[in-house]
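See below for the structure under consideration.
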Amino acid sequence: MTRFSEKNFLDEYIIKKDKKTGETKLQDNFQTGKQKLLPFTLNPLSGSVYDGTCGLTGVAGEFYRIKTQATVKPIYSPQDTEETLRDELKNKFKMSEDDVEKIIKIFNDVMFENGTLNVIDPSFFSFVPMKYFGKAYDKDKRVNKYRNGQAKMVDYYVSIAEDMEVQFEAKEKNLFCEIVDECLQKDSFDINAERDRYFILPFVRKQFAKDMKWLLRQNSDVIVNYLPLMLYFYASYSLMQTLMFMNKANWQLPVDKPIPVTYMLSSERVSEGQAAVKRGWAAADHLPENFLNKLSAYAQALDILNSMFEDEEGLMTFHEILSRFDEMDFDDEAKSVCEKVLNIYQDYKYELLNGRDTEPHPVAEKIEIRVDSYKDFVNLLLERCLTYQSKDYPRMKVAIYSLVSIKLFEKRRDYSVLVLDEEMLLFLVAMTAKDERIRIEDLYRRFRDYGMEFSFQTRNAISDYLLKLNLLERKSDSGEAQYVRVIL
């Protein structure tokens, strides 16, 4: 029997404001369960931001340290390692002082480029620092949002790879890599730090496990070049799909496969009639601005609904919750619980907003609460969350825009479109083909498994690009039989 009550909602949302009087107020939460929904804060402008400023390599390094349980500290500058290298080269390798200094010079020349650590072997990911960490930034509060944003993104990466053993098989190394790797494996790193766990759609996690195994079979230089890109793609893909399933237009869809969305190439010109505009990012059932402006309200409604299922540890989507409700009787007790939660939320949220000078006044009036079904309850809860969303909380959309704008999203004139540049396109073609020689029609079918669709115009542009790189093989003059094979 499903235990459905207001208990957890009251525990997680209603707090005591004054210990003496017992006066209470609403805690304006949006992810209170053991699994968090989004690696964002309500105000990412000051709380946490992950964007192009942060880069892709540092978070890949932290992911590597966690998944391989590497016992090293990140290297922030050449000075961080020179003393360790000198001691180890003298004591372990019995090198002369002249040879030690030569190795140190080679190390600094090879490993650092414009002050940034250069990854030349997969094992060196363990030394890559996240940006704005280290002593040089200890007192710089301006970069806290980037540090927090990167930490959240790493936890999101780790959640995608949850229960998956990521094994970076030992590849043949040159002497320099062996010496450096062995010398620096002595410092400690806290691999047991408590981490946030995030909700990941099951099909995303399954695809990631398959694709990560493929990537780790590649040559070392391929892993070095494409691990950060793959992790970034999966974080963006996972979050976009999660948000689209939150959109009320998609509540009826089962969460067993991705929602298709249309992409274009970054080299193409955009126009109003293109599929990437009409059936892409901003489509009504995808991620339109009016939905993203109310993202915190949707997240709060989903969190409250999940909190009411007492025995449920994992996060459920709106579709899964409505399916659970279809199996439950809506009796007098259930009606009482639903109406109590709605009344408490409405009363406390109204009081909270009415007490803020920064909110528009008058605050929207309260309404009479009455529900006659679980469906009524879900719809009215979302409506109250939307009505009483703080005017500052549309800023939450900044976090998703910051992420996807690194590589996958562009604002073209008045159009918001999902795009693939040449680097991302080549990698995704390789990842979907997986070293096979496949017909180009099958390639697009595999892209659809990731929810990625392309117009006829974009498919022609992709063919032209692959042909230019000599990666597209045509078996007839008409071009009807076309085969693709990409080896990175």
Side-chain angles (χ1 to χ4, degrees), residues 1-14 26-38 197-205 238 241-259 284-286 291 294-349 366-389:
M1 180 179 177
T2 302
R3 295 178 61 186
F4 180 76
S5 78
E6 73 279 14
K7 179 182 179 301
N8 289 338
F9 165 72
L10 296 175
D11 290 344
E12 294 164 358
Y13 277 83
I14 309 302
L26 182 80
Q27 179 80 5
D28 214 2
N29 292 319
F30 76 99
Q31 42 189 12
T32 60
K34 293 181 180 179
Q35 272 190 330
K36 295 184 180 297
L37 179 67
L38 305 169
R197 291 178 61 242
Y198 287 97
F199 168 77
I200 306 295
L201 290 158
F203 64 81
V204 172
R205 186 173 280 137
S238 176
Q241 289 292 328
T242 297
L243 295 179
M244 285 191 286
F245 279 111
M246 287 172 62
N247 187 332
K248 194 173 183 180
N250 298 315
W251 286 5
Q252 81 283 3
L253 297 178
V255 292
D256 57 350
K257 62 182 179 180
I259 296 170
D285 57 344
H286 292 161
F291 166 69
K294 293 292 186 178
L295 184 55
S296 70
Y298 276 86
Q300 188 169 71
L302 185 61
D303 187 61
I304 291 172
L305 289 168
N306 272 281
S307 75
M308 297 176 69
F309 288 86
E310 292 185 22
D311 299 328
E312 192 66 43
E313 298 237 343
L315 200 65
M316 293 186 287
T317 64
F318 283 110
H319 174 84
E320 291 167 327
I321 287 170
L322 289 168
S323 297
R324 287 284 292 273
F325 281 148
D326 286 342
E327 301 169 356
M328 296 164 54
D329 292 330
F330 189 77
D331 52 21
D332 289 341
E333 182 180 357
K335 178 181 173 71
S336 175
V337 167
C338 292
E339 292 182 348
K340 181 178 180 179
V341 167
L342 286 167
N343 275 306
I344 290 174
Y345 177 82
Q346 177 177 244
D347 291 345
Y348 277 84
K349 194 64 179 283
K366 293 187 280 187
I367 62 173
E368 180 183 357
I369 298 298
R370 177 176 175 176
V371 295
D372 296 312
S373 67
Y374 286 118
K375 187 176 180 179
D376 284 351
F377 171 56
V378 174
N379 288 332
L380 191 52
L381 176 62
L382 177 61
E383 187 276 331
R384 291 289 82 190
C385 289
L386 291 168
T387 298
Y388 287 132
Q389 178 183 276

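Here, residue 1 is the first one in the sequence, and each next residue gets the next number. These numbers come from the heavy atoms of this one structure, side chains and all, not from hydrogens, waters or symmetry mates.
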What are the two closest heavy atoms between Glu310 and Lys7, and how far apart are they?
OE2-CB, 4.1 Å
State, without any angle test, whether Glu327 and Ser323 hold a side-chain donor-acceptor pair at a distance under 3.5 Å.
no
More than 12 heavy atoms of other groups within 6.0 Å of Glu333 CD:
no
Validation row: Met244, Phe291 side chains within 4.5 angstrom (heavy atoms):
no
Tell me whether Lys335 contacts the main-chain N or O of Phe330 through its side chain, where contact means a donor paired with an acceptor under 3.5 Å.
no
For the atom pair CG (Leu37) and CE (Met246), what is the distance rounded to the nearest 0.5 Å?
5.0 Å
Got a sec: does the CG of Asp256 have more than 12 other heavy atoms crowding it under 6.0 Å?
yes
Roughly how far, to the nearest 0.5 Å, is CD1 of Ile259 from CG of Leu243?
10.0 Å
With rounding to the nearest 0.5 angstrom, report the CG to CD distance, Asn250 to Gln252.
6.0 Å
To check you understand the geometry: which heavy-atom pair defines the closest contact between Leu26 and Ile14, and what is its length?
CD1-CD1, 3.8 Å
I would like to know whether Ser296 and Gln300 meet side-chain hydrogen bond (donor to acceptor under 3.5 Å, both in side chains); could you show each step before the answer?
CA-CA 6 Å; Ser296 70; Gln300 188 169 71; over 6 Å; no
Quick one: are Val204 and Thr242 in side-chain contact, heavy atoms under 4.5 Å?
no
For Lys349 and Asp28: C-alpha separation, side-chain torsions, deciding distance, then whether salt bridge (charged side-chain N to carboxylate O under 4.0 Å, His left out) applies.
CA-CA 8 Å; Lys349 194 64 179 283; Asp28 214 2; 3.3 Å; yes
Looking at Asp372, I'd like to know if its CG atom is crowded, meaning that more than 12 non-hydrogen atoms belonging to other residues, nucleotides or ligands lie closer than 6.0 Å.
yes
Counting C-beta onward and ignoring hydrogens, is there a side-chain heavy-atom pair between Phe377 and Val337 closer than 4.5 Å?
no
Under 3.5 Å, is there a donor-acceptor pair between the side chain of Gln35 and the main chain of Glu313?
no
Could you state the interatomic distance from NZ (Lys248) to CG (Asp285), rounded to the nearest 0.5 Å?
15.0 Å
Minimum side-chain heavy-atom gap Trp251-Leu382 below 4.5 Å:
yes
Rounded to the nearest 0.5 Å, the CG atom of Asn306 sits from the CG atom of Leu315 at a distance of 4.0 Å
Kindly say whether Asp303 contributes a backbone atom to a donor-acceptor pair with the side chain of Gln31 at under 3.5 angstrom?
no
Side-chain heavy-atom pair Asn8, Thr32 within 4.5 angstrom cut-off:
no
Go through the steps to decide whether Phe4 and Arg324 satisfy the test side-chain contact (heavy atoms from CB on, under 4.5 Å), and finish with yes or no.
CA-CA 11 Å; Phe4 180 76; Arg324 287 284 292 273; over 6 Å; no
Pairwise side-chain contact, Leu253 with His319, heavy-atom cut-off 4.5 Å (strictly under)
no
Nearest 0.5 Å please: distance from the CE atom of Met316 over to the CG atom of Leu305.
8.5 Å
Phe9-Tyr345 aromatic ring centre distance below 6.0 Å:
no
Within the 4.5 Å heavy-atom criterion, are Thr387 and Gln346 side-chain neighbours or not?
no
Under 3.5 Å donor-acceptor, Asn247 side chain and Ala284 backbone
yes
Is it true that, when you exclude Lys375 itself, more than 12 heavy atoms of the residues, nucleotides or ligands shown sit nearer than 6.0 Å to its NZ?
no
Taking every heavy atom of Phe245 against every heavy atom of Lys257, the minimum-distance pair comes out as CZ-O, 3.4 Å
Ring-plane angle category for Tyr374 and Phe325, please: parallel below 30°, perpendicular beyond 60°, tilted otherwise.
parallel
Is any side-chain heavy atom of Tyr298 closer than 4.5 Å to one of Leu386?
yes
